[in-house]
A.B. asks: 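Here you go, one structure.
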Amino acid sequence: MDITHIIDTLNPEQRMAATSLDHNLLVLAGAGSGKTKTIVHRTAYLIITGQAHWHQILTVTFTNKAANELKSRVSRLLPNQQHAGTWTGTFHSICHKLLRIHAEEIGLPKNFQVIDTDDQLRIVKKIHKEMHLDEQQWPAKKSLNFINQMKEQGHRSFQCQDQSSAFYRTCGEVYASYEEHCSKNHLVDFAELILKTTEMLRDNEDIRWQYQTQFKHILIDEFQDTNKLQYTLISLLKHEQQRIVAVGDDDQSIYSWRGAIVDHMFSFEKDFSPVTTIRLEQNYRSTQNILNAANHIIQHNEKRLEKKLWTDSSSKEKIKLYAAYNETDEAQFVCDQIHELIRRGHTFEDCAILYRSNAQSRVFEEKLSQATIPYRVYGGLRFFERAEIKDIIAYLRLMANQQDNYAFERSINQPPRGIGRVTLDKIKHQAQLSAASFLDASQQCNISGKAAPALQLFYQLITDSIHQFGQLSLLIEHVIKETKMIAYLQAQKNHQTDAKVENLKELVSAAKHYDQYDSIQEALNEFLSHAVLDQNPKNEHAASQVQLMTLHSAKGLEFPNVFLTGLEDDLFPHKMTHADHKQIEEERRLCYVGITRAKQELYISYAETRRLYGQEMYQRPSRFIRELPQEELEYLRGNNAYTPKPKVKASYTFQLGQTVSHAKFGEGVVLNYEEDGDNSRVQVRFLNHGVKWLLCAYAKLNPV
DNA sequence: TCGAACGTTCTTTTT
DNA sequence: GAACGTTCGA
């Protein structure tokens with residue numbers, strides 16, 4: 001058996017992580033240190049040496065993208081191996097799989113449906129209404145956050161009811177009611193997938209034993225991102241005969257806001273002892289300049305497991321820093337640079353535009369279209385989150401699970417078919433009386449007028465069509481046709497109409513991946529779960545496109561050329577994080593993640609003014625810019641043609657974006673300048689006195 | 001019953 | 001700016 005190709009390409013530390021079977025392993029893997037490669041090669045090593053079969057290796061990742069990447073790289077490494085039955089996926093998808101297998105044993109309806117955050121919020125809103133809570137004073141989001149946080153810590157509602165404060169008491173009540181709603185409607189939310197699985201393993205010795213012994217090897221990617229519940233889950237699967245490898249990087253911990261606990265990297269050594277710790281510090285991704293910048297910036301954080309990345313590769317291009325006049329100018333700059341990169345032989349997909357928040361993508365999209373640069377936006381409103389898609393999905397959900405009153409409510413009159421509030425109230429009332437689902441109740445009560453035939457057609461559509469079609473895509477086409485959804489969308493004549501109709505077509509073609517299932521019921525369940533758990537449709541057309549995404553979704557990816565945009569105070573670091581030192585550190589790690597995505601060239605930009613949420617903002621450059629090593633930077637402002645406004649005249653020696661101090665107003669940043677002889681004015685944003693125009697002749701500004 | 005028109009609010013990140 | 005909720009008129 002030849003395993004040289006599996007271990008020879010690894011450095012000593014990677015090799016140890018890939019082949020060591022003595023203890024559990026904690027792998028501290030810096031950015032670009034070959035973390036994925038190590039996991040892939042360990043998997044291949046285990047298989048090829050006969051240490052484990054496919055189904056005996058559990059690999060947990062944080063995104064579906066990462067899971068798919070792992071799967072395809074393993075099969076590339078082991079081209080002749082059948083790898084059916086692998087357990088590679090996100091915590092959520094693995095738990096979903098386990099729950100589907102064991103649903104009946106733990107009293108979960110077999111056809112349970114997974115719901116997303118949006119569906120969750122609808123349920124909570126309804127509960128708030130029932131409880132007569134004032135949405136103004138007590139937003140549903142607040143309760144929802146509470147519920148999800150409790151679940152992520154493993155708490156059920158009965159564990160948070162006898163709290164002293166009114167706030168907790170009410171939250172506990174909402175939580176309890178929420179649990180009831182979910183179980184009545186056979187719905188399971190994201191956190192619930194993991195909580196239920198954890199409880200199942202905790203309470204069922206047989207099942208626990210089965211998986212403890214089945215999973216001889218457990219690999220956990222992005223370990224710094226595990227929350228308490230996920231950590232508990234892994235602990236429950238722990239068994240002496242098995243080896244667990246936790247791979248992570250504390251410097252890339254960017255999800256504490258959703259309950260991730262970095263300290264799990266410390267407790268792992270105790271809880272899973274004996275543990276061997278391996279550090280991967282050699283970076284294979286970036287040039288020296290980029291790495292210097294990354295190391296430099298992350299050192300501003302106090303709390304970290306010291307780790308220093310180094311590289312063999314030499315320094316190349318300096319990091320380009322562009323001070324844009326506004327967000328349009330910034331986007332224009334990015335487009336121009338992309339054209340330049342293309343001219344130098346790069347492809348579009350070599351380029352990534354990263355930003356802090358999704359709202360920033362719009363301007364880039366506009367400019368990229370104008371510049372006829374193909375692009376793809378990740379994140380934002382995902383495919384399966386779009387309203388028209390969710391509308392159709394609601395019909396399918398109701399077909400799969402007739403208990404789902406939320407799906408009923410969404411689909412019953414969307415598109416409108418003349419069934420309004422009065423009818424709906426009747427149905428709800430009847431449902432209450434006979435303890436039936438809305439769908440059943442709709443058949444029990446007396447409906448008159450034009451609502452009656454419409455309701456009958458709706459009922460038939462839901463109950464009959466599933467038996468008429470053998471293939472899921474045909475079923476969905478049928479639903480789209482019967483509901484006249486396309487005509488409805490076209491009647492609205494939005495600028496989005498065409499896109500929405502396209503999306504419906506894409507929905508059908510996404511469903512084709514499930515056409516081979518023997519039973520349509522099963523295909524439907526799988527499809528619906530997939531739609532929620534992996535919001536991207538399986539159809540990926542692989543055209544060469546510039547990639548647009550948030551910094552968060554860029555984690556784990558790499559690109560030859562990276563544009564790190566919008567480095568302005570309040571935007572990045574985000575204003576919500578200013579008050580809290582810990583959160584600023586997390587923003588800094590986010591910045592670190594962004595920088596380390598770049599292999600060859602890194603462009604950093606900020607805008608002096610920015611229109612965001614319909615408002616003009618004047619922010620100073622992000623503190624992260626000041627934290628960069630100045631010797632690695634090349635300032636593009638001043639000798640380029642992007643700035644529509646005149647530059648600050650040399651005699652006053654101020655540059656836009658420069659920090660200056662004023663005798664009365666203190667420190668500020670130069671935002672703008674107007675040349676007008678003796679009346680030349682300079683616009684400065686002061687730290688404590690807002691934005692002011694000052695006459696240069698009198699202002700006596702000093703550079704800082 | 002439905003959609004147009006208006007006012008309001010909230011702006012982060014993802015499974 | 002957009003998404004949401006509310007109100008009002010057809």
Side-chain angles (χ1 to χ4, degrees), chain A residues 60-67 89-96 114-118 120-122 125 129 135-136 139-141 148 151-152 188-194 222 225-227 229-230 253-260 327 354-363 378-382 384-385 387 412-425 449-451 454 488 491-496 529-536 549-556 566 570-578 583 586-587 589-590 593-594 610-617:
Chain A
V60 192
T61 63
F62 267 80
T63 63
N64 293 292
K65 218 191 241 167
T90 61
F91 269 106
H92 295 90
S93 66
I94 299 234
C95 288
H96 172 252
V114 184
I115 56 170
D116 66 13
T117 317
D118 184 55
Q120 270 189 298
L121 191 61
R122 281 166 204 270
K125 276 188 176 160
K129 251 189 197 147
E135 180 67 27
Q136 301 284 329
K141 274 205 172 131
N148 284 333
K151 288 194 181 195
E152 272 156 18
V188 173
D189 62 50
F190 288 134
E192 184 75 19
L193 285 169
I194 305 183
E222 308 280 12
D225 288 334
T226 46
N227 65 30
L229 185 57
Q230 292 161 338
S253 155
I254 54 175
Y255 285 112
S256 74
W257 53 273
R258 64 173 201 206
E327 77 281 0
L354 309 183
Y355 35 78
R356 177 63 177 84
S357 65
N358 279 313
Q360 285 164 258
S361 75
R362 247 191 44 147
V363 188
Y378 289 85
L381 238 208
R382 306 268 230 332
F384 286 106
E385 283 169 359
I412 184 69
N413 209 23
Q414 189 65 23
R417 55 166 65 77
I419 300 172
R421 248 196 59 206
V422 177
T423 311
L424 195 56
D425 281 346
K450 65 177 178 181
Y488 172 70
Q492 307 204 316
K493 279 188 282 214
N494 281 343
H495 56 110
Q496 292 174 355
S529 309
H530 170 81
V532 185
L533 289 171
D534 186 358
Q535 301 269 337
N536 295 310
M549 65 187 79
T550 63
L551 286 156
H552 281 86
S553 31
K555 191 167 71 140
D570 283 10
L571 192 60
F572 186 36
H574 196 274
K575 65 162 172 261
M576 302 263 176
T577 65
H578 274 336
Q583 288 190 55
E586 180 146 319
E587 294 284 298
R589 291 193 291 271
L590 196 53
V593 167
R610 177 182 295 275
R611 225 184 144 68
L612 201 65
Y613 302 120
Q615 267 202 328
E616 210 74 39
M617 310 186 354

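Within every chain, numbering begins at 1; the chains are lettered A, B, ... in the order of the sequence lines, protein sequences first and strands thereafter.
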A.B. asks: Less than 4.0 Å between a side-chain N and a carboxylate O, is that true for A:D189 and A:K151?
C.D. replies: yes
A.B. asks: Which part of the nucleic acid, if any, lies within contact of A:H92, taking any heavy atom under 4.0 Å across all strands shown: a base, the sugar-phosphate backbone alone, or nothing?
C.D. replies: base
A.B. asks: Counting C-beta onward and ignoring hydrogens, is there a side-chain heavy-atom pair between A:L533 and A:F190 closer than 4.5 Å?
C.D. replies: yes
A.B. asks: Report yes if a side-chain nitrogen or oxygen of A:K65 is closer than 4.0 Å to either non-bridging phosphate oxygen (OP1 or OP2) of B:dT15; otherwise report no.
C.D. replies: no
A.B. asks: Checking only heavy atoms, does the side chain of A:T117 share a donor-acceptor pair with the base of B:dT15 at less than 3.5 Å?
C.D. replies: yes
A.B. asks: So what does A:R356 hit on the nucleic acid, given a heavy-atom distance under 4.0 Å: a base, only sugar-phosphate, or nothing?
C.D. replies: base
A.B. asks: Going by the angle between their ring planes, with limits at 30° and 60°, are A:F62 and A:F91 parallel, tilted or perpendicular?
C.D. replies: perpendicular
A.B. asks: Roughly, in whole Å, what's the span from NE2 in A:H574 to P in B:dT12?
C.D. replies: 6 Å
A.B. asks: Taking CG from A:N358 and P from C:dG1, how many angstroms apart are they, rounded to a whole number?
C.D. replies: 18 Å
A.B. asks: Taking OP1 and OP2 of C:dA2, is either one under 4.0 Å from a side-chain nitrogen or oxygen of A:R362?
C.D. replies: yes
A.B. asks: Within the structure provided, determine whether A:T550 and A:L354 are in side-chain contact (heavy-atom separation under 4.5 Å).
C.D. replies: no
A.B. asks: Report yes if the side chains of A:I254 and A:K555 come closer than 4.5 Å at any heavy-atom pair, otherwise no.
C.D. replies: yes
A.B. asks: Between C:dG5 and B:dT12, how far apart are the C1' atoms? Round to whole Å, please.
C.D. replies: 24 Å
A.B. asks: Both A:L424 and A:E587 contact DNA chain B. Taking the nearest nucleotide for each, which residue is further toward the 5' end?
C.D. replies: A:L424
A.B. asks: Measure from CD on A:E192 to C1' on B:dT15 and round the result to the nearest Å.
C.D. replies: 15 Å
A.B. asks: Could you state the atom-to-atom distance from CG of A:L571 to P of B:dT11 in whole Å?
C.D. replies: 15 Å
A.B. asks: Using a 4.0 Å heavy-atom cut-off across all strands, classify A:K141 as base, sugar-phosphate, or nothing.
C.D. replies: nothing
A.B. asks: Does the side-chain ring of A:F91 sit on the six-membered ring of the B:dT15 base, less than 5.5 Å centre to centre and under 30° in tilt?
C.D. replies: no
A.B. asks: Does the A:E587 side chain pair with the main chain of A:T577, one donor and one acceptor, at a distance under 3.5 Å?
C.D. replies: no
A.B. asks: Between A:R258 and A:E152, does any side-chain N to carboxylate O distance fall below 4.0 Å?
C.D. replies: no
A.B. asks: How long is the line joining CE of A:M549 and P of B:dT12, in whole Å?
C.D. replies: 20 Å
A.B. asks: Under 4.0 Å between a side-chain N or O of A:S93 and OP1 or OP2 of B:dT15?
C.D. replies: no
A.B. asks: Would you kindly give the CD-to-P distance between A:Q230 and B:dT14, to the nearest whole Å?
C.D. replies: 16 Å
A.B. asks: What contact category does A:Y255 fall into here, base, sugar-phosphate, or nothing, at under 4.0 angstrom with non-hydrogen atoms?
C.D. replies: sugar-phosphate
A.B. asks: Does one side chain, of A:Q230 or A:D225, offer a donor that lies under 3.5 Å from an acceptor on the other?
C.D. replies: no
A.B. asks: Using atom CZ of A:R258 as one end and atom C1' of B:dT12 as the other, report the distance to the nearest whole Å.
C.D. replies: 12 Å
A.B. asks: Nearest heavy atom decides the nucleotide; on that basis, is A:P139 or A:V532 closer to the 5' end of DNA chain B?
C.D. replies: A:P139
A.B. asks: Whole angstrom is fine here: how far is it from CD in A:E152 over to P in B:dT14?
C.D. replies: 15 Å
A.B. asks: Tabulate protein N/O versus nucleotide N/O from nucleotides 2-5 of chain B, keeping only pairs under 3.5 Å, one per line.
C.D. replies:
residue : atom : partner : partner atom : Å
B:dC2   : OP1  : A:G418  : N            : 2.8
B:dC2   : OP2  : A:N413  : ND2          : 2.7

A.B. asks: Ignoring the backbone of A:T550, work out which of B:dT14, B:dT15, B:dT12 is nearest its side chain.
C.D. replies: B:dT14
